[in-house]
Chemist: 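Please find one structure pasted underneath; my questions will follow.
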Amino acid sequence: MSKLPNVGTTIFSVMSSLAAQHKAINLSQGFPDFDCDDLLKKLVSEAMDDGYNQYAPMPGIIPLREVIAQKIHSLYGQQVNPDTEITITPGGTYAIFTAIATCIAPGDEVIIFEPAYDSYIPNVRVNGGVPVLIPLSYPDYSIDWNLVRSKITPRTRMIMINTPHNPTASIISHQDLEELQKIVTEHKLLVLSDEVYEHLTYDGEAHLSILRYPELLRNSFVTFSFGKVFHNTGWKMGYCVAPANLMSEYRKVHQYLCFSVNTPMQYGLSRYLQTPEHYLSLPGFYQQKRDYFLELMKDTRFTPLHSKGSYFQLMRYDRISNEGDKDFATRITKEFGVASIPVSAFYENGKDDHVVRFCFAKKKETLEQAAERLRKI
């Protein structure tokens, strides 16, 4: 008997496989095609040479948790206890799953905004929860808070948010978080905030983390990814921040899922994070890539939607075709050699606004070659 009878291979695997089969430029799956910082690799290698190759403590090594706490205080003005409120995890997706497994019992309802990162709904269902799906308002992908209120029932347990957002590249506003706070307080709900792209915001926009809002943080799990921001998604390194009472329960589950996380990488990251410029430079680094990709795409028939964060760019193709987005994404991979992700794949009901997602976390020459091919469509 399957706990997830309707789940097959993810769209990311499907499109990446199609890209490999047709020797296409892969702008579909969200990973860079350039390497991470040589210094970070060196620091991890030194940690291995220094003998840090056995189990780390279950919550993560204290030097890494301490430097994360310092970073949080510097960026968001929030005092977080590294002993009791931070846990290192094998990636951001794991951190999200563990938060859901910690709190969601059979029959609990979890509000999820669509389009949604593909792990959210299965994570809720495999733990016996009931996803309550609310569409973001196309084309700016904003939240209709009146609609959220109408979906709350006595069984509602948690609201999940994601900022900067995958796949839409939107970001949450201060007004959004004020509305969220009112709802959470009134209905005594938990929040799970996926902030894996925290350093990838553009045009001077600040990342409005839940960590900036003490009242919200009291009822929240906030998850992060080192892989997404330091260009090493294959390392699968992340962390979760939550108040001590929630984190105590989180660690009860965590210790039986993986117990501890890659030791030398933790030591390498703990030293790398001591230089704030390594993450403070990221918005400028990725905005250059976004802007360059948009400049290259000006001569195509695609219409960009505004990318405020993450390393994704949504494009409408209504001037090109009336095809469904899955058919369109498949065809341009096969015929023109560029792979994208159809945004309908991020909706359970397949809602299709004729939009595809491109990842611009690529080398300059990769973006140039992709745009050259896309101009031919």
Side-chain angles (χ1 to χ4, degrees), residues 1-4 7 10 54-62 64-66 68-69 72 80-112 116-132 155-162 184 187-196 198 209-211 216-228 233 235-263 265-266 269:
M1 178 179 174
S2 173
K3 284 191 171 184
L4 297 170
V7 170
T10 71
Q54 307 309 323
Y55 291 125
M58 179 268 288
I61 65 167
I62 194 63
L64 180 54
R65 286 183 281 144
E66 285 177 342
I68 290 170
I72 288 169
V80 172
N81 188 323
D83 287 326
T84 60
E85 297 181 326
I86 300 172
T87 297
I88 309 304
T89 64
T93 300
Y94 170 100
I96 292 163
F97 177 89
T98 306
I100 293 169
T102 298
C103 295
I104 299 306
D108 285 347
E109 293 179 351
V110 180
I111 289 176
I112 297 173
Y117 177 55
D118 69 335
S119 81
Y120 296 170
I121 294 171
N123 285 184
V124 170
R125 286 204 171 114
V126 83
N127 285 288
V130 179
V132 176
R155 295 182 301 277
T156 307
R157 173 70 167 153
M158 175 183 280
I159 297 178
M160 296 181 67
I161 62 171
N162 174 205
V184 166
H187 297 280
K188 297 181 173 57
L189 304 180
L190 295 171
V191 174
L192 174 49
S193 185
D194 174 358
E195 301 183 16
V196 299
E198 68 168 324
S209 173
I210 289 287
L211 298 172
L216 269 174
L217 181 56
R218 282 193 211 107
N219 300 291
S220 298
F221 297 91
V222 193
T223 60
F224 300 90
S225 167
F226 292 118
K228 290 295 187 186
T233 58
W235 287 18
K236 297 301 295 179
M237 297 291 292
Y239 58 99
C240 181
V241 180
N245 63 314
L246 294 179
M247 187 55 76
S248 174
E249 297 302 311
Y250 186 95
R251 288 177 178 176
K252 290 178 184 178
V253 177
H254 167 71
Q255 69 181 337
Y256 293 116
L257 285 179
C258 77
F259 182 73
S260 66
V261 180
N262 187 298
T263 303
M265 287 180 179
Q266 289 192 60
L269 284 163

Chemist: Taking the side chain as every heavy atom from C-beta outward, state whether Val110 and Ile104 have any atom pair closer than 4.5 Å.
Modeler: yes
Chemist: Let's go through Glu249 and Cys103 carefully: what are the C-alpha distance in whole Å and the side-chain angles of both, what is the deciding distance for side-chain contact (heavy atoms from CB on, under 4.5 Å) to 0.1 Å, and is it a yes or a no?
Modeler: CA-CA 8 Å; Glu249 297 302 311; Cys103 295; over 6 Å; no
Chemist: Measure the spacing between CD1 of Ile100 and CE of Met160 and express it to the nearest 0.5 Å.
Modeler: 4.0 Å
Chemist: Please test Arg155 against Val130 for side-chain contact (heavy atoms from CB on, under 4.5 Å), starting from the C-alpha separation and ending with a verdict.
Modeler: CA-CA 9 Å; Arg155 295 182 301 277; Val130 179; over 6 Å; no
Chemist: Quick one, Pro122 and Lys3 - any side-chain contact, counting heavy atoms below 4.5 Å?
Modeler: no
Chemist: Return the minimal non-hydrogen interatomic distance between Cys240 and Met247, and the atom names on each side.
Modeler: O-CE, 3.3 Å
Chemist: Report the residues that fulfil side-chain hydrogen bond (donor to acceptor under 3.5 Å, both in side chains) with Thr233, sequence neighbours left out, ordered by chain and then residue number.
Modeler: none
Chemist: To the closest 0.5 Å, what do you measure between OH (Tyr117) and CG (Asn162)?
Modeler: 10.0 Å
Chemist: Counting N and O atoms only, with roles assigned by atom type, does the side chain of Ser248 sit under 3.5 Å from a partner on the main chain of Ala244, one being a donor and the other an acceptor?
Modeler: no
Chemist: What verdict does the side-chain contact (heavy atoms from CB on, under 4.5 Å) test give for Phe226 and Ile68, after you've listed the backbone C-alpha separation in whole Å, the side-chain angles of each residue and the deciding distance to 0.1 Å?
Modeler: CA-CA 11 Å; Phe226 292 118; Ile68 290 170; 3.8 Å; yes
Chemist: So, do Asp108 and Met158 sit near enough that their side-chain heavy atoms are less than 4.5 Å apart?
Modeler: no
Chemist: Do any pairs count as a salt bridge (Lys or Arg N to Asp or Glu O under 4.0 Å) and have a residue in residues 85-101, sequence neighbours left out, and if so which ones?
Modeler: none
Chemist: Closer than 3.5 angstrom, by distance alone: can the side chain of Thr263 be matched with the main-chain N or O of Ala56 as a donor-acceptor pair?
Modeler: yes
Chemist: Give me the atom names and distance for the closest heavy-atom approach of Lys252 to Gln255.
Modeler: O-CG, 3.3 Å
Chemist: Say you draw a straight line from OH of Tyr239 to CD of Gln266; how long is it, rounded to the nearest 0.5 Å?
Modeler: 13.0 Å
Chemist: On a heavy-atom basis, which atom in Val261 and which in Cys258 lie closest, and how many Å separate them?
Modeler: CG2-SG, 4.4 Å
Chemist: Could you measure the distance from the CD1 atom of Ile159 to the OG atom of Ser220? Nearest 0.5 Å is fine.
Modeler: 10.0 Å
Chemist: Work out which heavy atom in Glu195 is nearest to a heavy atom in Ser209; give both atom names and the distance.
Modeler: OE1-OG, 2.7 Å
Chemist: Relative to each other, are the rings of Tyr250 and His254 parallel, tilted or perpendicular (30° and 60° limits)?
Modeler: parallel
Chemist: If the condition is side chain to side chain contact (heavy atoms under 4.5 Å, CB included), which residues does Ser225 pass it with, not counting sequence neighbours?
Modeler: Val196, Lys228
Chemist: What's the spacing between Leu190 CG and Phe221 CZ if we round to 0.5 Å?
Modeler: 6.0 Å
Chemist: Report the distance from atom CD1 of Ile88 to atom CZ of Phe224, rounding to the nearest 0.5 Å.
Modeler: 11.0 Å
Chemist: Counting only N and O atoms by type, is there a donor-acceptor contact under 3.5 Å from the side chain of Asn127 to the main-chain atoms of Gly129?
Modeler: no
Chemist: With respect to Val241, which candidate in Ile72, Ile210, Thr223, Thr87 satisfies the side-chain contact (heavy atoms from CB on, under 4.5 Å) definition?
Modeler: Ile72
Chemist: For the side chain of Arg251 and the backbone of Pro59, is there at least one donor-acceptor N/O pair under 3.5 Å apart?
Modeler: no
Chemist: Would a 4.5 Å heavy-atom cut-off, applied to side chains only, mark Val124 and Ile112 as touching?
Modeler: yes
